[in-house]
Student: 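One structure, as structure tokens, below. Some questions next.
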Amino acid sequence: MVETEEERAFSTPEPPVNGNADLEFAPPFISSSNFPVPINKTFQPQIQLYPVRFLVLLLFVLYSMSNAFQWIEYSIITNVIAFYYDVGSFSVNWTSVVYMVTYIPLIFPASWLLDKKGLRFVVVIGSFGTCLGSWIKCASLSPDRFAVTMFGQTITAMSQVFILGIPPRLAAVWFGENEVSRACSVGVFGNQLGIALGFLLPPFLVPISDDKEKVGYDLGILFYGVAIFTTLLLLVILFAFKDKPCHPPSVAQALSSNQEENYWHSVLRLVKNINYIILLVTYGINVGVFYALSTLLNQMVLYHYPGEETNAGWIGLLIVLAGMIGSVVCGFILDKTHRFKETTFVTYFLSLVGMLVYTFILPAGNIWLVFLIAGFLGFFMTGYLPLGFELAAEITYPESEGTSSGLLNASAQVFGILFTLGSSWVFENYKDLIANGVLSGMLLIGTIMTALIKSDLRRQNASEMASRENSSGQLINNKF
């Protein structure tokens with residue numbers, strides 16, 4: 001591959017990783033067991049790490065943050081939005097649910113575009129859609145324009161399909177094998193950071209008021225602030241976001257990128273992978289519970305603690321901030337131990353424990369206890385998100401990380417819709433104890449199913465196989 005002068009100046013490579021620059025490897029084909037098997041034809045991958053990978057990751061984090069912020073910006077101030085637009089809380093809940101509904105039909109074309117066109121193409125499309133939706137919402141600053149704000153929210157929601165499945169793909173394409181889990185965690189961190197800010201800022205910027213003109217003015221500050229930020233970010237992405245490095249960052253990526261793939265054949269192999277199917281369900285349950293919990297947080301907190309809109313936002317912020325820390329900690333553990341199944345199971349089980357305690361603490365009358373358990377719950381429940389991505393990448397290798405993570409997120413949206421709408425109905429009719437109890441029961445099912453996943457770490461095995469073959473080759477060369 002011939003580099004231009006601009007690429008050489010911008011993408012100066014770091015020294016070869018682990019001395020693998022001159023190794024010979026056999027490119028894999030997919031056997032019936034979905035595991036890479038060497039064949040006779042050899043090739044020489046040059047393994048390099050480029051400093052620009054950190055800029056690419058940072059831009060993605062900001063892009064993901066700008067979109068995730070808008071998912072929860074209405075729901076966390078449900079009572080204010082319902083008052084201003086004169087709609088019911090169920091209608092406001094749909095500003096969150098629309099993110100899930102639009103994701104499901106769009107995930108397959110989005111995953112196909114990611115595989116065929118690459119990271120830069122889909123990130124630019126998603127950033128443009130997020131920017132466009134943000135400006136449309138600026139035109140909804142009138143009490144009779146709830147339909148306009150829903151239209152803008154729908155455009156932004158559709159753009160999410162070009163975000164959620166990106167972290168494992170970006171990590172694999174740009175980062176080395178000893179940093180890929182941490183890079184994936186940081187990629188997920190962007191989404192969590194956006195949700196955290198979505199919990200924090202709207203209650204401060206748009207406080208409860210009996211004056212609709214005052215509420216409209218406050219909403220204008222919120223909407224225009226987001227629109228300006230997404231516009232500036234789009235411009236930076238257009239000029240600075242790179243698609244992929246000139247040379248792969250790891251042996252596994254070199255082997256994976258060497259083969260021709262058919263998207264639908266890849267999907268079919270994933271469907272036949274029983275461990276992945278179990279993970280598909282368990283991931284959907286865990287994230288679906290998080291979606292329902294986040295969407296209904298304002299309503300449930302105000303039911304027991306009237307007038308605590310700001311504290312509801314702080315509780316949501318604490319859940320996500322703790323999850324951001326959990327994501328980084330779990331990513332570090334995975335990079336050091338490679339114990340994917342065990343780490344995932346323990347995290348899932350502790351999410352169940354946190355949800356059970358939260359169910360009974362919320363109506364206890366002490367909001368500070370709610371804060372305490374919210375931090376514990378968030379650390380494990382949202383800390384689980386990158387674990388699911390990385391476990392999927394391991395047990396489905398060498399399938400595209402974008403495809404496997406895209407289907408995981410589709411499952412999360414399906415369960416998110418069911419749990420959010422179902423919990424909303426149960427809460428209105430039977431209150432929060434029953435609603436949260438049902439969600440806890442679903443996490444119990446997910447925990448049991450997670451224990452059934454076999455630890456079939458194909459990506460790790462492929463790297464180890466290549467290293468052993470290289471060591472054998474060096475011994476032979478030394479002998480002769």
Student: Quick one about Asn67 and Thr130 (side-chain donor to acceptor, distance below 3.5 Å, no hydrogens or angles considered), yes or no?
Tutor: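 Side chains of Thr130 and Asn67: pair found under 3.5 Å.
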Student: Output yes when a side-chain donor or acceptor of Thr282 lies under 3.5 Å from a complementary backbone atom of Leu279, and no otherwise.
Tutor: yes
Student: So, do Phe175 and Leu170 sit near enough that their side-chain heavy atoms are less than 4.5 Å apart?
Tutor: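 Answer yes - side chains close enough.
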Student: With the side chain counted from C-beta on, respond yes when Leu387 and Thr343 share a heavy-atom pair under 4.5 Å apart, and no when they do not.
Tutor: yes
Student: Side chains of Leu372 and Phe376, heavy atoms from C-beta outward: is any pair under 4.5 Å?
Tutor: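 No. Closest side-chain heavy atoms not under 4.5 Å.
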Student: Less than 4.5 Å apart, side chain to side chain, heavy atoms only: is that true for Val281 and Phe415?
Tutor: yes
Student: Check this for me: Phe83, atom CZ, are more than 12 non-hydrogen atoms of other residues, nucleotides or ligands nearer than 6.0 Å?
Tutor: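 Yes, because the 6.0 Å sphere around CZ of Phe83 holds more than 12 heavy atoms from other groups.
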Student: Considering residues, nucleotides and ligands other than Asp210, do more than 12 of their heavy atoms fall under 6.0 Å from its CG?
Tutor: no
Student: Over all heavy atoms of both residues, which pair between Gln153 and Tyr74 is shortest? Give the atoms and the distance, please.
Tutor: OE1-CE1, 3.5 Å
Student: If you define the side chain from C-beta out and look only at heavy atoms, does anything of Ser75 sit under 4.5 Å from Thr95?
Tutor: yes
Student: Is a donor on one side and an acceptor on the other found under 3.5 Å between the side chain of Asn275 and the backbone of Ile453?
Tutor: no
Student: Tell me which one of Thr156, Leu219, Ile155 satisfies side-chain contact (heavy atoms from CB on, under 4.5 Å) with Lys137.
Tutor: Thr156
Student: Can you find a side-chain donor-acceptor pair between Ser91 and Tyr85 that sits under 3.5 Å?
Tutor: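 Looking only at side-chain atoms, Tyr85 and Ser91 do not form any donor-acceptor pair under 3.5 Å.
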Student: Do Tyr384 and Tyr283 have ring centres separated by under 6.0 Å?
Tutor: yes
Student: Show me, pair by pair, the donor-acceptor contacts under 3.5 angstrom made by side chains of residues 190-197, not counting sequence neighbours?
Tutor:
| unit_1 | atom_1 | unit_2 | atom_2 | d |
| --- | --- | --- | --- | --- |
| Gln192 | OE1 | Ser327 | OG | 3.2 |
| Gln192 | NE2 | Ser327 | OG | 3.1 |
| Gln192 | NE2 | Thr382 | O | 2.7 |

Student: Is Asn409 reaching over with its side chain to a backbone N or O of Leu164, donor-acceptor style, under 3.5 angstrom?
Tutor: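 It does hold such a pair.
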Student: How about Leu362 and Tyr358: do any of their side-chain heavy atoms sit closer than 4.5 Å?
Tutor: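 Yes; the side chains approach each other to less than 4.5 Å.
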Student: For a quick test of reading the model, state the closest non-hydrogen atom pair linking Ile277 to Leu270 and the distance between them.
Tutor: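 Ile277 and Leu270 have their closest heavy atoms at CD1-O, 4.0 Å.
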Student: Scan Thr347, Val346, Leu352 and name whichever one has a side-chain contact (heavy atoms from CB on, under 4.5 Å) with Leu350.
Tutor: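 Of all the options given, the one that passes is Val346.
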Student: Write down the atom of Val206, the atom of Leu222, and the distance for their closest heavy-atom approach.
Tutor: CG2-CD2, 4.2 Å
Student: May I ask you to decide if Ala227's main-chain N or O and Thr230's side chain share a donor-acceptor pair within less than 3.5 Å?
Tutor: yes
Student: Can you tell me how far CD1 of Ile166 sits from OG of Ser64, rounded to the nearest 0.5 angstrom?
Tutor: 9.5 Å
Student: Would Phe371 and Trp314 count as a side chain to side chain contact (heavy atoms under 4.5 Å, CB included) here? Give the steps.
Tutor: CA-CA 8 Å; Phe371 271 97; Trp314 279 108; 3.6 Å; yes
Student: With a 4.5 Å heavy-atom cut-off, do Phe199 and Ile319 have their side chains touching?
Tutor: no
Student: Go through it in stages, so that I can follow the logic: the residues are Arg339 and Ile333, the test is side chain to side chain contact (heavy atoms under 4.5 Å, CB included), and I'd like the CA-CA distance, side-chain angles, deciding distance and then a yes or no.
Tutor: CA-CA 8 Å; Arg339 303 296 292 267; Ile333 292 173; over 6 Å; no
Student: Would you say Thr231 and Trp135 are linked by a side-chain donor-acceptor pair, where the criterion is simply a distance under 3.5 Å?
Tutor: yes
Student: Please check if the side chain of Thr295 supplies one atom and the backbone of Ala292 the other of a donor-acceptor pair under 3.5 Å.
Tutor: no
Student: When you measure from the side chain of Tyr305 to the backbone of Gly365, do you find a donor-acceptor pair of N or O atoms at a distance under 3.5 Å?
Tutor: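 Checking the backbone N and O of Gly365 against the side chain of Tyr305, a donor-acceptor pair under 3.5 Å is found.
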Student: What are the two closest non-hydrogen atoms of Gly388 and Leu408, and how far apart are they?
Tutor: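 Smallest heavy-atom distance, with atoms named: O-CD1, 3.6 Å.
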Student: Would you please classify the geometry between the Tyr303 ring and the Phe427 ring as parallel, tilted or perpendicular, with 30° and 60° separating the classes?
Tutor: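 It falls in the perpendicular class, over 60°.
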Student: Evaluate Phe229 against Met65 for side chain to side chain contact (heavy atoms under 4.5 Å, CB included), listing each step before the verdict.
Tutor: CA-CA 11 Å; Phe229 178 82; Met65 178 194 74; 3.5 Å; yes
Student: May I ask you to decide if Pro143's main-chain N or O and Asp86's side chain share a donor-acceptor pair within less than 3.5 Å?
Tutor: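 No; zero donor-acceptor contacts below 3.5 Å.
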Student: So does Leu296 get a backbone contact from the side chain of Gln299, meaning a donor-acceptor N/O pair under 3.5 Å?
Tutor: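 Absent.
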Student: With side chain to side chain contact (heavy atoms under 4.5 Å, CB included) as the criterion, how do Ile77 and Asn298 come out once you've worked through the C-alpha distance, each side chain's angles and the decisive distance to 0.1 Å?
Tutor: CA-CA 7 Å; Ile77 50 173; Asn298 171 272; 5.5 Å; no
Student: Evaluate the ring planes of Tyr63 and Phe60, with Trp represented by its six-membered ring, and classify them as parallel (under 30°), tilted (30 to 60°) or perpendicular (over 60°).
Tutor: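 Judged by the thresholds at 30° and 60°, the geometry between Tyr63 and Phe60 is perpendicular.
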Student: Looking at every heavy atom in both Leu59 and Ala240, which two are closest together, and how far apart are they?
Tutor: CD1-CB, 3.8 Å
Student: Classify the ring geometry between Phe345 and Phe349 as parallel (under 30°), tilted (30 to 60°) or perpendicular (over 60°).
Tutor: parallel
Student: Strictly distance-based, threshold 3.5 Å: is any side-chain N or O of Arg169 a donor or acceptor partner for the main-chain N or O of Leu119?
Tutor: no
Student: Between Gln70 and Ser134, does any side-chain donor sit less than 3.5 Å from a side-chain acceptor?
Tutor: yes
Student: Determine yes or no for a side-chain-to-main-chain donor-acceptor pair under 3.5 angstrom, with Ser140 supplying the side chain and Val148 the backbone.
Tutor: no
Student: Heavy-atom count check: over 12 atoms from other residues, nucleotides or ligands less than 6.0 Å from Met158 CE?
Tutor: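 Count not over threshold, so no.
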Student: For residues Thr78 and Phe90, determine if any side-chain heavy atom of one lies less than 4.5 Å from a side-chain heavy atom of the other.
Tutor: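 Side chain of Thr78 against side chain of Phe90, heavy atoms only: no contact under 4.5 Å found.
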Student: Testing the basics here: between Tyr103 and Gln413, what is the closest heavy-atom pair and its distance to 0.1 Å?
Tutor: CD2-CG, 3.3 Å
Student: With a sphere of 6.0 Å drawn around CZ of Phe241, does it hold more than 12 non-hydrogen atoms of other residues, nucleotides or ligands?
Tutor: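 Enclosed: over 12 neighbouring heavy atoms sit under 6.0 Å from CZ of Phe241.
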Student: Taking atom NZ of Lys117 as the centre, does the number of heavy atoms from other residues, nucleotides or ligands within less than 6.0 Å exceed 12?
Tutor: no
